[in-house]
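Heads up: the structure comes next, in structure tokens.
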Amino acid sequence: MVELDAPLAPLTTLRLGGPARRLVTATTDDEVVAAVREADAAGEPLLVLGGGSNLVIGDAGFPGTVLRIATTGFALDGTTLELAAGEVWAEAVARTVEHGLAGIEFLAGIPGSAGATPVQNVGAYGQEVAQSVTEVVAYDRRAGETVTLSNAECAFSYRHSRFKADPDRYVVLRVRFGLADHGGLSTPVAYAETARHLGVEQGEPVGLREAHDAVLRLRSGKGMVLDPADHDTWSAGSFFTNPVLTAEQYDAFLALAAERELTAPAYPAPDGCTKTSAAWLIDKAGFGKGYGSGPATLSTKHTLALTNRGAATAEDLLALAREIRDGVRAAFGVELVNEPVMVGVKL
């Protein structure tokens, strides 16, 4: 289906952004590939849209083709799962739990489509898709052919991947996962908050349904499960990634935190680095839950979510994001980096 001058805001969880010059909705892999090839052959800008949950589109909209991937497909073969890129992620996770399979149960309730999960290396509550993705089938725009990339070839890292590093090359068509049958039990609970909520020690498994539902409760309490009636969920989820600091950066940060008599969260990261909490930084820099008086504010439930209270523009949201980024930098010397993809705008 092709629409001209099509509104994009209703197709995003932030409900922001101007129209697309041309919107193509594809329901099969062949339609996806054909639309990409047509746009590339015409030299036209192309934006690939899934669930619209990790996207900030500028108020001017998109001056090219927006390809909305609406493919469907949930195929289980033993513990191997293949998802079409357009499958609703939260529904797919719930179905794996119903089938008694572990591996993505702690990623319950995350909005968006399955095809976006390897791009961002989606993760939450101690689990990320890099741990279970075995292969990604994608259309390689540079080679002009469909390719299959192994887990290693996806080059996963914290909220990053080969697809995110080279955003104009690959269009994800299908994602394959290697899940596990632990007799109805989850993978070991890896996240301290989840363990406390479940009343178990970190490293212990729990029932799959118990794990799934606990994460839904935690996410709902933070406004991270979509609800059209709740403006706290009109967001792109976590707007900033948790900063990963080198040893030198971390020492400088600790000194500034000590001046305020604050003890910051710290987690080991690769290459001698330390990860700290963006939510903590935002709060301690003076931006508490619900901060803001305009049409875009911080969520009343979580400082990491920037929300549209119903009448915000993309520029309203970005002005708030810049204020928070600059305030954190001034207070702690740490540069926050946006997690959502920016289209036609920049932070």
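Along the sequence shown, residues carry numbers from 1.
- Taking OG1 of Thr233 as the start and CG of Asp227 as the end, the distance is 5.5 Å to the nearest 0.5 Å.
- Residues Leu47 and Leu67 are not in side-chain contact: their nearest non-hydrogen atoms beyond the backbone lie 4.5 Å or more apart.
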Gln120/His160 under side-chain contact (heavy atoms from CB on, under 4.5 Å): CA gap, chis, key distance, verdict: CA-CA 5 Å; Gln120 188 73 6; His160 202 70; over 6 Å; no
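- One hydrophobic cluster holds both Leu306 and Leu304 under the rule that ILVMFWY side chains link at heavy-atom gaps under 4.5 Å.
- Placement of Phe156 and Leu107 within a single hydrophobic cluster is found when ILVMFWY residues are connected by side-chain heavy-atom separations under 4.5 Å, directly or transitively.
- Using a 4.0 Å cut-off between charged side-chain N and carboxylate O, Glu201 and Arg196 make no salt bridge.
- Side chain of Thr303 to backbone of Gly288: no donor-acceptor contact under 3.5 angstrom is found.
- Listed for the Glu87 side chain is no donor-acceptor partner under 3.5 Å among the backbone atoms of Ala84.
- Side chain of Thr65 to backbone of Arg22: no donor-acceptor contact under 3.5 angstrom is found.
- Note that the CD atom of Gln249 and the OG1 atom of Thr276 stand 12.0 Å from one another [nearest 0.5 Å].
- Looking only at distances, no side-chain donor or acceptor of Thr27 sits under 3.5 Å from a matching main-chain atom of Ala70.
- Distance check: Arg260 CZ to Lys284 NZ gives 10.5 Å after rounding to the nearest 0.5 Å.
- Separation of atoms OG1 (Thr25) and CD (Glu31) is listed at 9.5 Å; rounding is to 0.5 Å.
- Residues satisfying the ring-ring contact (aromatic ring centres under 6.0 Å, His included) criterion with Phe253, sequence neighbours excluded, are Phe332.
- Residue pairs meeting the ring pair (Phe, Tyr, Trp, His ring centres under 6.0 Å) criterion with at least one member in residues 55-103, sequence neighbours excluded: Trp89-Phe177.
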From CA spacing to verdict: side-chain contact (heavy atoms from CB on, under 4.5 Å), Thr307, Leu298: CA-CA 6 Å; Thr307 66; Leu298 285 182; over 6 Å; no
side-chain contact (heavy atoms from CB on, under 4.5 Å) assessment of Arg169 paired with Asp140: CA-CA 6 Å; Arg169 179 169 181 179; Asp140 183 341; 2.9 Å; yes
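- Checked by atom type and distance alone, the side chain of Glu82 never pairs as donor or acceptor with a backbone atom of Ala75 at under 3.5 Å.
- How far CG of Leu318 is from NZ of Lys346: 12.0 Å, rounded to the nearest 0.5 Å.
- Leu262 and Leu336 fall within a single hydrophobic cluster, where Ile, Leu, Val, Met, Phe, Trp and Tyr are joined by side-chain heavy atoms under 4.5 Å apart, directly or via other members.
- The backbone N or O of Met224 lies less than 3.5 Å from a partner atom in the side chain of Arg219, making a donor-acceptor pair.
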Derivation of the side-chain hydrogen bond (donor to acceptor under 3.5 Å, both in side chains) call for Thr187 and Glu105: CA-CA 8 Å; Thr187 54; Glu105 65 277 16; 2.9 Å; yes
Val24 vs Val66, side-chain contact (heavy atoms from CB on, under 4.5 Å): CA-CA, chis, key distance, verdict: CA-CA 6 Å; Val24 178; Val66 174; over 6 Å; no
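- A 6.0 Å sphere centred on NZ of Lys164 holds more than 12 heavy atoms belonging to other residues, nucleotides or ligands.
- Here Tyr291 pairs with Phe287 under the ring-ring contact (aromatic ring centres under 6.0 Å, His included) rule; sequence neighbours left out.
- Remark: Arg37 pairs with no residue by the salt bridge (Lys or Arg N to Asp or Glu O under 4.0 Å) rule, at least two apart or across chains.
- Put simply, the residue from Thr146, Asp29, Thr71 that forms a side chain to side chain donor-acceptor pair (under 3.5 Å) with Arg174 is Asp29.
- Both Leu149 and Val175 sit in one connected hydrophobic cluster of ILVMFWY residues. Membership requires side-chain heavy atoms under 4.5 Å apart, directly or through other members.
- Here Tyr125 pairs with Tyr191 under the ring-ring contact (aromatic ring centres under 6.0 Å, His included) rule; sequence neighbours left out.
- At a threshold of 4.5 Å between side-chain heavy atoms, the hydrophobic network of Ile, Leu, Val, Met, Phe, Trp and Tyr places Val244 and Val328 in two separate groups.
- Proximity of a side-chain donor or acceptor of Asn151 to a complementary backbone N or O of Val133 within less than 3.5 Å is detected.
- With values rounded to the nearest 0.5 angstrom, Arg322 atom CZ is found 10.5 Å from Asn338 atom CG.
- Side chain of Arg15 to backbone of Thr13: a donor-acceptor contact under 3.5 angstrom is found.
- Here Arg309 pairs with Asp232 in a salt bridge; the nearest charged N to carboxylate O distance falls below 4.0 Å.
- For the pair Glu3 and Arg68, the salt-bridge criterion is not met [side-chain N within less than 4.0 Å of a carboxylate O].
- Although no hydrogens or angles enter the test, the distance criterion places a donor-acceptor pair under 3.5 Å between the side chain of Asn308 and the main chain of Ala312.
- With sequence neighbours excluded, no residue satisfies ring-ring contact (aromatic ring centres under 6.0 Å, His included) with His212.
- For Arg162 (side chain) and Glu153 (main-chain N/O), a donor-acceptor pair under 3.5 Å exists by modelled atom type.
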Intermediate values then yes/no, salt bridge (Lys or Arg N to Asp or Glu O under 4.0 Å), Asp166 and Arg142: CA-CA 11 Å; Asp166 197 356; Arg142 189 175 303 165; 2.9 Å; yes
